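Below is one structure, written out as structure tokens; comments come after it.
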There are 2 protein chains.
Amino acid sequence: MVNPTTMKEIARQLGVTVSTVSRALQNHPSIGLRTRERVHELAKRLDYVPNPTAINLKRRRTHNIGVVLPFLTEQFFSTAISAIEDVAISKGYSVVVMQSRNDYERERLVVGNLVKHGVDGIIVSLASETQNNSHFLEVNKHGIPIVFFDRVARNLPNSCVYVDVTAGAIEAVEFLLSLGLSRIALLNGPGTLQATDERLKGYVTVMNRHGIPINRAYVRSVNLSKEDTAKKMGELLDLPEPPQAVLAFNDYVALDAMQVCRQRGLAINQDIYFGSFSNLPFCSYLEHPPIASIEQFPHEMGTKAIQLLIAGIENPEHFTREEVVIPHKLIVRQ
Amino acid sequence: MVNPTTMKEIARQLGVTVSTVSRALQNHPSIGLRTRERVHELAKRLDYVPNPTAINLKRRRTHNIGVVLPFLTEQFFSTAISAIEDVAISKGYSVVVMQSRNDYERERLVVGNLVKHGVDGIIVSLASETQNNSHFLEVNKHGIPIVFFDRVARNLPNSCVYVDVTAGAIEAVEFLLSLGLSRIALLNGPGTLQATDERLKGYVTVMNRHGIPINRAYVRSVNLSKEDTAKKMGELLDLPEPPQAVLAFNDYVALDAMQVCRQRGLAINQDIYFGSFSNLPFCSYLEHPPIASIEQFPHEMGTKAIQLLIAGIENPEHFTREEVVIPHKLIVRQ
DNA sequence: AAAAACTACGCAACCGATTGTGTAGCGTTA
DNA sequence: TAACGCTACACAATCGGTTGCGTAGTTTTT
């Protein structure tokens with residue numbers, strides 16, 4: 001069953017040395033034509049597959065790239081990974097995935113695993129609970145390049161790829177205002193996420209710009225769980241003057257919030273409007289989707305992230321920190 | 001920047017041999033307490049991380065598991081991977097993902113990559129276009145265990161995990177009939193997929209059971225692309241006597257087909273009903289979801305698949321082919 | 001006090017490749 | 001024909017660990 005065909009075996013059967021076999025398989029010019037042919041032939045007959053581990057040991061490279069993100073099941077991330085995997089394969093790398101589940105401890109753990117595992121580089125989208133970046137400093141100390149995407153840590157010396165969420169939030173809020181909706185709530189993400197601050201900043205900017213006083217009760221944080229979103233949305237609706245529109249942290253939050261609205265008999269895009277981030281593909285199947293969503297192009301983000309990472313892996317000497325801002329786009333639905 | 005601290009370096013600084021360092025780090029009893037402590041101390045000071053590649057080479061194990069499936073972006077698969085990754089981590093393995101994009105050639109390629117990569121085992125959900133399994137025989141020849149899940153190849157000597165789709169189809173069709181709908185169409189998958197046959201078998205079984213003649217025009221195959229689904233659904237609606245209900249290959253097909261219906265002014269769950277497979281979570285956000293869906297429990301499938309695989313990796317001598325049938329469940333909505 | 005038994009390491013082979021260098025054997029050149 | 005140069009391999013170190021076995025030096029046993 002097992003097939004431990006090694007160069008040594010081929011060498012033994014042919015009465016030559018391992019180095020000859022190695023060179024023959026690489027078509028090294030210093031090996032005679034006859035010998036080369038015999039080696040290739042026998043290798044094929046014995047189903048020889050070079051041992052990648054041995055080669056990695058010699059080359060001090062594994063051609064493995066680790067990817068750490070909150071949830072594989074969120075389409076935003078699976079789309080990004082899909083793009084990452086695509087580029088990786090085309091460049092001869094493999095992708096090792098680990099999910100943090102938005103849990104700081106688990107993020108530490110899996111990042112450590114990747115280092116122990118011996119990846120050549122790591123791509124990370126931060127867990128929402130992460131407030132401490134020491135585990136990444138650790139990775140840097142080992143000379144393993146990191147690239148952050150979407151949920152980035154801009155205070156670290158690593159490259160990152162993200163969209164200008166503040167600008168996106170500004171566009172989204174402006175759009176909602178342009179519909180004549182002035183009572184706009186913000187169902188924001190957890191305070192640990194930079195993306196949360198940025199959305200808030202955009203929101204505040206627009207409100208100020210239009211001289212609309214900010215209603216503190218309209219601004220709420222959710223921990224991204226369905227339950228918390230439902231609770232916070234309920235609180236918004238219970239307000240004496242409930243919002244006419246809600247800008248949600250992302251489509252998942254929007255959907256969960258919209259469900260609460262429907263349960264209370266509110267008609268989406270009529271009694272209440274939603275704006276959100278991500279523009280997830282399945283929203284196109286909804287009869288009443290969020291009226292506007294900021295597309296963040298996860299495919300492009302993933303692609304850019306791995307390109308930066310591979311560049312960093314293959315040219316460590318020319319490494320320079322880069323911040324790539326992927327253009328976002330306001331998608332208005334029907 | 002780079003940190004190539006090796007045992008050799010530790011040994012040199014401490015004036016002992018590498019074997020002593022190795023044993024000290026493993027807390028081998030034959031190493032004196034004093035020496036052991038000094039080694040541990042220095043190792044920590046130098047940020048020593050054992051080189052996994054070297055260890056893998058010695059142990060002839062990489063603790064890597066390859067997973068090949070059509071699309072990471074389909075929630076059914078990302079849920080399965082998520083479960084796989086979870087178990088993998090808890091057992092000390094890492095997951096390398098590759099998507100086949102339902103393309104036979106790409107499947108061959110990535111399976112080959114995984115072998116070259118040196119994974120300890122592979123989990124596969126077949127590409128819809130795959131009609132030839134020689135690439136898996138190749139893998140078997142190298143003694144690398146494989147476990148198939150969901151889209152399985154039952155003619156190979158490998159274990160597999162799947163749901164009884166035929167039984168699911170039977171339940172779904174029976175349910176549609178119980179609603180008084182007798183003109184039921186089947187928007188099936190590609191003929192290369194075993195799952196397609198099984199759905200057909202279930203469909204035929206119920207129709208025969210109820211003495212309903214099978215209308216050949218009601219049974220169509222789609223290649224799972226949105227366009228093809230739209231085309232075939234359109235053809236169904238153009239029939240002189242269009243179906244009252246459609247059993248779709250999965251939720252994606254159902255959604256694409258439903259969209260065509262809506263565009264033609266048909267009300268879902270009123271003018272036409274849909275049954276499908278997968279019960280994707282986001283269907284719960286739809287106002288008019290497919291009335292019934294067969295839940296296939298991707299999380300359980302993934303979990304079972306990797307358990308079988310790891311068992312096969314760790315006890316190759318007791319390997320026995322297993323076919324695990326995960327119980328499905330008919331979900332009726334609202 | 002000599003033999004036996006430990007203790008605490010060192011030595012060296014090994015995992016499966018890659019690669020720099022050394023060298024027979026043969027044909028060329030002068 | 002002796003010196004020289006090629007061709008086509010072999011030898012051996014190396015990547016970074018693991019592990020069986022051997023053995024000084026010390027302690028325990030008789």
Side-chain angles (χ1 to χ4, degrees), chain A residues 2-40 42-43 46-64 92 115-120 142-144, chain B residues 2-40 42-43 46-64 92 115-120 142-144:
Chain A
V2 249
N3 186 334
T5 300
T6 66
M7 291 195 158
K8 191 190 289 181
E9 177 61 17
I10 296 178
R12 196 186 57 73
Q13 293 195 26
L14 255 37
V16 297
T17 61
V18 188
S19 53
T20 300
V21 174
S22 173
R23 290 192 167 94
L25 290 173
Q26 302 176 60
N27 293 319
H28 188 105
S30 85
I31 300 299
L33 181 59
R34 184 79 198 99
T35 307
R36 188 188 314 175
E37 281 173 349
R38 291 173 61 216
V39 170
H40 274 106
L42 186 56
L46 298 181
D47 290 312
Y48 170 73
V49 173
N51 182 320
T53 308
I55 297 177
N56 289 340
L57 181 57
K58 261 315 248 189
R59 303 222 183 291
R60 292 132 155 269
R61 274 285 217 38
T62 62
H63 281 263
N64 275 175
V115 174
K116 280 190 231 144
H117 181 101
V119 293
D120 290 341
H142 289 288
I144 298 175
Chain B
V2 251
N3 186 333
T5 301
T6 67
M7 290 193 157
K8 191 190 291 180
E9 178 60 17
I10 296 178
R12 195 186 60 73
Q13 294 196 25
L14 256 38
V16 297
T17 61
V18 186
S19 52
T20 299
V21 174
S22 173
R23 290 193 169 93
L25 290 175
Q26 301 175 62
N27 294 318
H28 187 104
S30 84
I31 300 300
L33 181 58
R34 183 79 197 96
T35 307
R36 188 188 315 176
E37 281 173 348
R38 291 174 60 218
V39 169
H40 274 106
L42 186 56
L46 298 182
D47 289 314
Y48 170 72
V49 173
N51 181 321
T53 307
I55 297 176
N56 289 339
L57 182 57
K58 255 319 239 194
R59 302 224 184 290
R60 290 133 156 271
R61 276 282 216 44
T62 61
H63 282 264
N64 275 174
V115 173
K116 279 189 234 145
H117 181 103
V119 294
D120 291 341
H142 289 287
I144 298 175

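Hydrogens, waters and symmetry mates play no part in the numbers below; they use all other heavy atoms, side chains included. So you know, we letter chains A, B, ... as the sequences are listed, proteins then strands, and number each from 1. Here the structure is a predicted model, which is why all the values come from computation and not from measurement.
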Atom pair distance, as rounded to whole Å: [atom1] in [X] and [atom2] in [N]:
X: B/L14; N: C/dC9; atom1: CG; atom2: C1'; answer: 13 Å
X: B/L57; N: D/dT19; atom1: CG; atom2: P; answer: 13 Å
X: B/K8; N: D/dG17; atom1: NZ; atom2: P; answer: 10 Å
X: A/I31; N: D/dC11; atom1: CD1; atom2: P; answer: 13 Å
X: B/R60; N: D/dT19; atom1: CZ; atom2: P; answer: 13 Å
X: B/N27; N: C/dA8; atom1: CG; atom2: C1'; answer: 15 Å
X: B/I10; N: C/dG10; atom1: CD1; atom2: C1'; answer: 18 Å
X: B/H28; N: C/dT7; atom1: NE2; atom2: C1'; answer: 11 Å

Counting only side-chain heavy atoms from C-beta out, which of [options] sits nearest to [X]?
X: A/Y48; options: C/dG10, C/dA17, D/dG16; answer: C/dA17
X: B/M7; options: D/dG17, D/dT19, C/dG20; answer: D/dG17
X: A/V18; options: D/dT19, C/dG16, C/dT18; answer: C/dT18
X: A/A54; options: D/dT19, C/dA17, C/dC15; answer: C/dA17
X: A/S30; options: D/dG16, D/dA8, D/dC11; answer: D/dA8
X: B/K58; options: C/dC9, C/dC14, D/dT14; answer: C/dC14
X: B/T20; options: D/dG16, C/dG10, D/dC9; answer: C/dG10

The answer to which of A/L33 and B/Q26 contacts DNA chain D further toward the 5' end, by nearest nucleotide, is A/L33

Heavy-atom nearest nucleotide on DNA chain C taken for A/V49 and for B/T17; more 5' hit belongs to B/T17

Measure the spacing between [atom1] of [X] and [atom2] of [Y] and express it to the nearest 0.5 Å.
X: A/D120; Y: A/R60; atom1: CG; atom2: CZ; value: 12.5 Å
X: A/N56; Y: B/N56; atom1: CG; atom2: CG; value: 9.0 Å
X: B/M7; Y: B/R23; atom1: CE; atom2: CZ; value: 11.0 Å
X: A/E9; Y: A/L14; atom1: CD; atom2: CG; value: 10.5 Å
X: B/S22; Y: B/I55; atom1: OG; atom2: CD1; value: 8.5 Å

So what is the end-to-end bend of the helix from C/dA1-D/dT30 to C/dA30-D/dT1, with 5 pairs used at each end and the value given to 10 degrees? 60°

Residue pair [X] / [Y], side-chain heavy-atom distance below 4.5 Å:
X: A/T62; Y: A/H117; result: no
X: A/T6; Y: A/N51; result: no
X: B/T5; Y: B/D47; result: no

Would you indicate what [X] reaches in the nucleic acid, counting non-hydrogen atoms under 4.0 angstrom: base, sugar-phosphate, or nothing?
X: A/G15; result: sugar-phosphate
X: B/V21; result: nothing
X: A/S22; result: base
X: B/T35; result: sugar-phosphate

If you take atom types as modelled and just measure distance, does the side chain of B/S19 reach the base of C/dC11 with a donor-acceptor pair under 3.5 Å? yes

Any N/O donor-acceptor pair, A/R23 side-chain to C/dG20 base, under 3.5 Å: yes

Assess whether side-chain contact (heavy atoms from CB on, under 4.5 Å) is satisfied between B/H40 and B/L25, documenting all intermediate values. CA-CA 6 Å; B/H40 274 106; B/L25 290 175; 4.0 Å; yes

A/R59 side-chain N/O to C/dT19 phosphate OP1/OP2 under 4.0 Å: yes

